Structures are given as C-alpha cells and as structure tokens.
Amino acid sequence: MPVSDSVDRDDSPEEVGSGDGLPINELFCSLQGEGRLAGVPSVFVRTSGCNLRCWFCDSYHTSWEPTHAWMDLDTILAEIESYENADHVVLTGGEPLIHETAVDLLEELSARGYHTTVETNGTVAPDAPIDLASISPKLESSTPTPERAPDGVDAGQWERRHEADRIDLEALTSLVETFDFQLKFVVTDDGDIPETLDLLAELRAASNAPIRDEDVLLMPEGATREQLADTRTRVAQLAIEHGFRYTPRLHVDLWNDAPET
Ligand SMILES: C[S@@+](CC[C@H](N)C(=O)[O-])C[C@H]1O[C@@H](n2cnc3c(N)ncnc32)[C@H](O)[C@@H]1O
Ligand SMILES: Nc1nc2[nH]cc(C(=O)O)c2c(=O)[nH]1
Ligand code: SF4
Ligand SMILES: [Mg+2]
C-alpha cells in the first residue's frame, strides 16, 4: 500500500490508544531481510509511532516524523491476504506494541494460520500470540544527542526520554520467557560490546528461560549500502569473536533504502 496515497500526519502517535484500527505507515510484501528467518517471503505491516527515538532509525517516518494512513483491521487483513503466496507476516514499526490493537491483529493472524514475527524494541510485553519475538534492545549508542540526531530535529527532550526508557528489564524478561525469540543488537563497532554483554548477563540472571548465544544476533548499523559497507565486516568479526550470530540486512543489499522493501 503506497501510504503516500492517503497521508495522515500526527505529531504524537505514541499516545494513540485503542480502537478498531492502526496507524499504518506502509504494508508490502518482501523478503524478511534480518534475523534467523532472513530470506523468507513475508508481508510487512509497519505501524507508525514509537516510544523511543534512535538517532539512526531507518524508519524516520514512523518515529521522528510519524506519517500514516489509519486502517481498520478488516482492511489490513484483506491487504495481507491479497499476497496469496506469503504465509509469514512481520509486524513492525515504529514500535508496534505501543498500540493495543496490535494484539487484535496478531490474534486474527494466528486464527488464520499465519506465522507472525514481531519486530520490537523490547519495552512492551504483550499478551498476544507471537511466533517469533524479534527483540532489538537499544544500546546507549542509539541515543540521540545534539551532535548525533537526524537533520532538522530537536533531539533535546528525546535524549533524556530515550535514555530513560530504552531498557526495561521486566519487559525483556517477560518477552524471552513467553515467546520464541531472537535478540538482535544493532552494532557499529567494539564500543557496543561491553553493554551488550552486561545486558545479556542481567537478562540471563533475571529470566527463567535459557538465552543461548545462538539466540543473540549482531546486526550492522546502516540504513544504506554505503553505511553498511562501513560496518558489516567489523560486526561480522565481533560475532565470530564472541560466539554470537551475525545477521545481514538483506533488503539493504538488495534494494538499498527504498521504501516498501
Ligand atoms: C525500525 S525498527 C522497528 C521495530 C522496533 N521499533 C525496533 O526498534 O526493534 C526495525 C529494526 O530495524 C533496526 N534498525 C533501525 N535502524 C537501523 C539502522 N540504521 N541500522 C541497523 N538496524 C536498524 C531496529 O533495531 C530493528 O531491529
Ligand atoms: N525486508 C525487510 N526485512 C525486515 N526485517 C525487519 C524489518 C523492519 O523494519 O522491522 C525489515 C524491513 O524493513 N524490510
Ligand atoms: S525503537 Fe525502532 S522504530 Fe523506534 S526509533 Fe528506534 S529503531 Fe526506530
Ligand atoms: Mg526495516
């Protein structure tokens, strides 16, 4: 769905609550580009609105400048079902789990037999049927600062809020105990590793669920081929060094930063 057909701008979609619909930024069919299901044809449902503001967010129009069309559940489901060959659905954003209606969508998808992956920053633990919780906890290196913010945005108030909210150990523990999961860390260089290891140790201590090294994926930071060219070899080496998995960003290799890919 080309969202530009019906754009509805909202400055505070993170406050959006319940209702029989979701703010949708884009809905398209592609290959899962990240994580252990990379390469699987999947329908992507991208909600708008986020409770965090990573400086590097590759989905700027769901976070820093949220843009969306409001779609009711029946319309979303009909669009998903129109991609007849896909039986995997990836619910992403923005942060999809800030929307209560995301639970209704996941229940409908489960009832229809879809495999569901939810891409989440790990700050919300829902009561919903999710086949793979793809959790991407945000490291300190994601925090926006005046020197490290997208052009033209006022990072000031978000620096504090992002830093305060980016890690919620209780929500992370609940997610790994409840769902099949992968932990996907966005990494630029070895400066990101100590915090990753500390968080893993805390989570392993807090949770009853085993967290194997193979559940931990290092993903190179980069929204474009050019940016990835700078980070991926370094991040691959770090994965080898620490015994974690490396995940490519297949969609960036294939389509660079084009929308609806
Ligand atoms: C746009 S986010 C939406 C889901 C959720 N808000 C989250 O952050 O997990 C989807 C995925 O893209 C990753 N991501 C966003 N910007 C990125 C970048 N510049 N480089 C690498 N990964 C990025 C996130 O960490 C997450 O795994
Ligand atoms: N092809 C493709 N795979 C993805 N996996 C996770 C994505 C996301 O933005 O959450 C994503 C995306 O935007 N495109
Ligand atoms: S949490 Fe996800 S959607 Fe929100 S700003 Fe960070 S990468 Fe973007
Ligand atoms: Mg993406």
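As a basis for the values below, the full set of heavy atoms in this structure was taken, side chains included, without hydrogen atoms, waters or symmetry mates. As the structure is a prediction and not an experimental result, all values here were calculated from the model. We count ligands from 1, going down the list as the structure has it; atoms in each ligand are counted the same way.
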Review point. At the 4.0 Å heavy-atom cut-off, does Arg249 count as touching ligand 1?
Key: yes

Review point. For atom 17 (C) of ligand 1, what's the nearest protein heavy atom and its distance?
Key: Phe56 CD1, 3.6 Å

Review point. Near atom 4 (Fe) of ligand 3, which protein N/O/S atoms are found at less than 2.8 Å?
Key: Cys50 SG

Check your understanding: Could you give the distance from CG (Asn51) to CG (Leu97), rounded to the nearest 0.5 Å?
Key -> 9.5 Å

Review point. Can you tell me the protein heavy atom closest to atom 20 (N) of ligand 1 and the distance?
Key: Gly222 N, 2.9 Å

Review point. Hey, is Ser134 touching ligand 1 through its side chain, its backbone, both or neither, going by heavy atoms under 4.0 Å?
Key: neither

Exercise for review: Could you tell me whether Glu226 atom CD has more than 12 heavy atoms of other residues or ligands within 6.0 Å of it?
Suggested key: no

Point to revise | Distance from atom 3 (C) of ligand 1 to nearest protein heavy atom, with residue and atom | key: Gly94 O, 3.2 Å

Exercise for review: Could you tell me whether ligand 1 has any atom less than 4.0 Å away from a heavy atom of Ser142?
Suggested key: no

Point to revise | Nearest-0.5 Å distance, CD of residue Glu177 to CD1 of residue Ile211 | key: 8.5 Å

Practice item. Can you pull out the closest protein heavy atom to atom 15 (C) of ligand 1? Residue, atom name and distance to 0.1 Å, please. Key: Asp58 OD1, 3.4 Å

Exercise for review: Would you mind telling me if ligand 1 is within reach of the side chain of Lys138, the backbone, both or neither, using heavy atoms under 4.0 Å?
Suggested key: side chain

Check your understanding: Is it the side chain (CB and beyond), the backbone, both or neither of Thr62 that lies under 4.0 Å from ligand 1, heavy atoms counted?
Key -> neither

Point to revise | Taking atom 11 (C) of ligand 1 as the reference point, the nearest protein heavy atom with its distance | key: Glu34 OE1, 3.9 Å

Check your understanding: Can you tell me how far CD of Glu195 sits from CD of Glu202, rounded to the nearest 0.5 angstrom?
Key -> 9.5 Å

Review point. In the protein, what heavy atom is nearest to atom 25 (O) of ligand 1, and what distance, to one decimal place, separates them?
Key: Ser136 OG, 2.8 Å

Check your understanding: Do the ring planes of His68 and Trp70 sit parallel (below 30°), tilted (30 to 60°) or perpendicular (above 60°)?
Key -> perpendicular

Point to revise | atom 10 (C) of ligand 1 - nearest protein heavy atom and its distance | key: Thr92 OG1, 4.0 Å

Revision key, fill the gap. For Thr188, the side-chain contact (heavy atoms from CB on, under 4.5 Å) test, sequence neighbours excluded, returns Asp192, Glu221, Thr231, Arg234

